[in-house]
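Each remark here refers to the structure printed beneath this line.
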Amino acid sequence: MVRPLLLDLALTHILGRKRQTIVSVIGVAMGVGFFIAMAALMQGFQGYFVETVINASPHITVRDQFREPAVQPVAAAFRGGAVLLHGLKPRDEIRGIRKAGTMVSALSEWPGLSVAPSLDGPVILRYGSADKSAVLIGIVPEREIHVTQLEDDMVQGHLTDLASAANGVVMGLGLANKLGAKMGDSLNAISPAGVILRVKVVGLFRTGVVSLDEGQAYILLKKAQILQSRANVINQLRIRLQRVDEAREVAARIEALYGYKSESWQEANEGVFGVFRIQNAIMYSTVGAIMVVAAFGIYNIISTVVYEKSRDIAILKSIGLTEADIRRTFLMQGLMIGMIGAVLGWLIGFGLTSLLASVRFDVGNAVRNDRLFLAWSVTHYWIGGMFSLLASAVAAWIPARRAAGANPVDIIRGAA
Amino acid sequence: MGRVLPGPVPVTLVEDIDLSIGEGEFVAITGPSGSGKSSLLYLLGLLDRPTSGSIILEGRDTAEAGAAELAALRLSKLGFVFQFHFLLPEFTVLGNVMIPMRKLGGAPEPELRKRAQALLDDLGLGDQAAKLPSQLSGGQRQRVAIARALANRPRVILADEPTGNLDTKSAQTVFDIFARLAREMGTTVVTVTHDEGLAAQTSRRVHLVDGRLVAQGVNRH
């Protein structure tokens with residue numbers, strides 16, 4: 001019986017100030033709505049980015065490098081001892097993954113894992129008077145198809161054409177544009193080893209990642225080994241997983257097993273994820289700021305009600321309502337505004353997100369996406385709702401406490 | 001019992017009050033303005049706490065009671081009527097009377113509604129139940145306030161100048177109700193008034209001057 005009475009009181013209070021209440025509700029709704037739209041936009045973009053990264057590059061890249069310098073025998077023999085080596089000259093080794101062939105066949109046996117060997121190295125591509133440096137990656141097309149989405153990104157030609165044409169090369173559309181080369185054009189590839197190979201463009205790809213589109217070209221592994229003068233050498237294993245999220249663990253396992261540096265896609269893009277975190281922080285603080293403004297609105301209306309209704313508060317207390325009752329009455333008003341605002345905000349957020357989803361850009365063909373990427377997530381709605389409830393509870397709490405603490409005698413005396 | 005307002009210059013509201021009021025008594029507290037009549041009433045009504053001494057209600061010392069406990073006592077045992085009616089403007093007459101009932105609970109809403117209606121009938125306001133306080137006359141509002149004070153069948157009614165804003169006829173009606181309550185229901189009524197004529201109708205008078213109890217007398221009718 002108590003609750004309905006307090007609810008009754010709370011309702012009469014906020015309904016008595018309809019316009020102010022509506023303004024407060026709109027304030028909260030705006031905050032929640034913008035948050036939802038912003039979150040959808042940001043997470044959508046981040047999700048798109050991650051997906052692009054996952055699709056465009058391998059999930060794990062094993063390189064012919066080690067994380068730690070090799071342990072010298074003397075250090076291994078006296079582990080933890082006071083060993084200091086001076087003037088150490090590292091051994092001159094042929095770089096590359098040793099026994100790559102067995103490693104590839106062993107890794108191929110792992111469930112949910114595809115592996116493709118490659119050799120990448122810098123080259124200068126020369127077409128007419130245009131010189132462009134690029135990373136030329138030697139691949140095995142039939143394996144590569146299972147590891148990267150390169151085949152899907154082809155705008156002209158196919159990866160398999162690499163094998164059918166003599167010295168065929170597939171390059172990023174951006175790179176081709178910069179060189180001025182088109183399909184079927186022949187150009188020179190010059191390696192740091194001094195080898196010059198005449199190659200023919202048999203395919204063009206566009207991943208949407210500018211650095212790849214403007215800086216990479218693919219060739220058969222054998223040709224790359226000739227070009228780089230590194231016969232039978234592989235310096236990268238590119239791995240694709242069925243379960244993308246396990247990349248970190250699988251990479252760690254491979255590294256523990258073979259010793260070569262294995263980098264998961266998460267690790268490779270650590271910097272970008274850091275930026276994402278900052279982005280999210282900015283988003284949350286912006287929304288926080290909107291909610292603070294909305295909270296001031298709520299604080300204002302409830303303060304006004306407390307001031308206006310001081311006589312009612314006095315009489316209610318004299319009747320026998322407790323301080324907690326009074327506090328609850330005003331807290332409820334804040335929460336009601338917060339709740340209605342949250343629901344309205346959900347609608348606004350949904351509407352804004354739908355609006356954003358319908359936006360189309362005319363960005364030419366340099367970038368593949370012509371629309372905003374949006375993440376539709378119930379979590380955003382929850383967070384927005386929680387935000388508004390929290391803000392309204394805090395905003396209502398302060399005047400509610402003042403109302404509860406008011407001395408009825410003072411008010412009654414003043415009124416008489 | 002006494003009450004001193006703290007501050008740079010402490011103000012003594014009432015002091016050395018030794019007063020015992022029996023069940024069913026109809027007591028008038030009189031005295032010049034500023035003599036502490038209302039202060040004494042608020043102390044008796046547990047709205048304020050004495051700075052010295054204590055108030056004993058039905059044999060129970062209230063000095064030790066917490067704020068929530070005092071509120072509960074006010075709700076179930078005491079009823080207030082002030083000079084101003086203090087009805088909630090958004091609630092109907094019936095709604096106002098029902099507020100203390102709903103807070104106390106103890107019966108389903110329709111039952112409370114019936115009881116509130118009966119109270120209003122008893123005070124001659126039966127046909128005003130659905131109206132808002134603003135649609136009533138001053139005397140009617142004050143009677144609604146009395147009905148609200150009576151909502152939970154209190155043992156004590158405390159009235160602070162209940163007729164201060166009323167014409168003579170309405171004032172008489174209010175006092176008639178009080179007298180009847182004391183006589184028929186055994187409800188104790190304590191009222192502050194400066195109207196000599198009305199004070200004479202009570203069963204006992206308590207006269208304050210400068211916060212001190214200076215005279216008491218039993219009225220013989």
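A, B, ... follow the sequence lines: proteins, then strands. Residue 1 opens every chain.
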For B/Tyr42 and A/Ile412: C-alpha separation, side-chain torsions, deciding distance, then whether side-chain contact (heavy atoms from CB on, under 4.5 Å) applies.
CA-CA 10 Å; B/Tyr42 298 147; A/Ile412 290 164; 3.3 Å; yes
Taking every heavy atom of A/Leu321 against every heavy atom of B/Ala71, the minimum-distance pair comes out as O-CB, 4.2 Å
What one should report as the nearest heavy-atom pair of B/Phe82 and A/Ser318 is CE1-OG, 3.8 Å
How long is the straight-line distance from [atom2] of [Y] back to [atom1] of [X], given to the nearest 0.5 Å?
X: A/Thr12; Y: B/Phe91; atom1: OG1; atom2: CZ; answer: 4.5 Å
X: B/Glu90; Y: A/Leu11; atom1: CD; atom2: CG; answer: 11.0 Å
X: B/Phe84; Y: A/Ile315; atom1: CZ; atom2: CD1; answer: 10.0 Å
X: A/Asn407; Y: B/Leu47; atom1: CG; atom2: CG; answer: 8.0 Å

Max heavy-atom pairs within cutoff under 4.5 Å with chain A, candidates B/Gly79, B/Ser38, B/Ser39, B/Gly45, goes to B/Ser39
Within 6.0 Å of [atom1] in [X], more than 12 heavy atoms from elsewhere:
X: B/Arg153; atom1: CZ; value: no
X: A/Phe296; atom1: CZ; value: no
X: A/Phe34; atom1: CZ; value: no
X: A/Asn280; atom1: CG; value: yes
X: A/Met283; atom1: CE; value: yes
X: B/His207; atom1: NE2; value: yes
X: A/Phe350; atom1: CZ; value: no
X: B/Asp61; atom1: CG; value: yes

Step-by-step side-chain contact (heavy atoms from CB on, under 4.5 Å) determination, A/Asp325 to B/Lys103:
CA-CA 9 Å; A/Asp325 289 332; B/Lys103 170 59 190 165; 2.6 Å; yes
Whatever's closer than 4.5 Å to a heavy atom in chain A on B/Ser76 counts as neither
When the 4.5 angstrom heavy-atom criterion is applied to A/Leu316 and chain B, the contacting part is side chain
Most heavy-atom pairs under 4.5 Å with chain B, out of A/Val409, A/Thr322, A/Ile319, belong to A/Ile319
message = Tell me if a side-chain donor or acceptor on B/Arg74 pairs with a main-chain N or O of A/Lys317 at a distance below 3.5 Å.
response = yes
Q) How far apart are the C-alpha atoms of B/Leu88 and A/Leu9, what are their side-chain angles, what is the distance that settles it, and do they pass the side-chain contact (heavy atoms from CB on, under 4.5 Å) test? A) CA-CA 9 Å; B/Leu88 302 195; A/Leu9 290 168; 3.5 Å; yes
Check: Going through the checks in order, is the side-chain contact (heavy atoms from CB on, under 4.5 Å) test met by A/Leu5 and B/Met98?
Finding: CA-CA 9 Å; A/Leu5 170 63; B/Met98 284 178 67; over 6 Å; no
>> Within the structure provided, determine whether A/Arg311 and B/Pro89 are in side-chain contact (heavy-atom separation under 4.5 Å).
In response: no
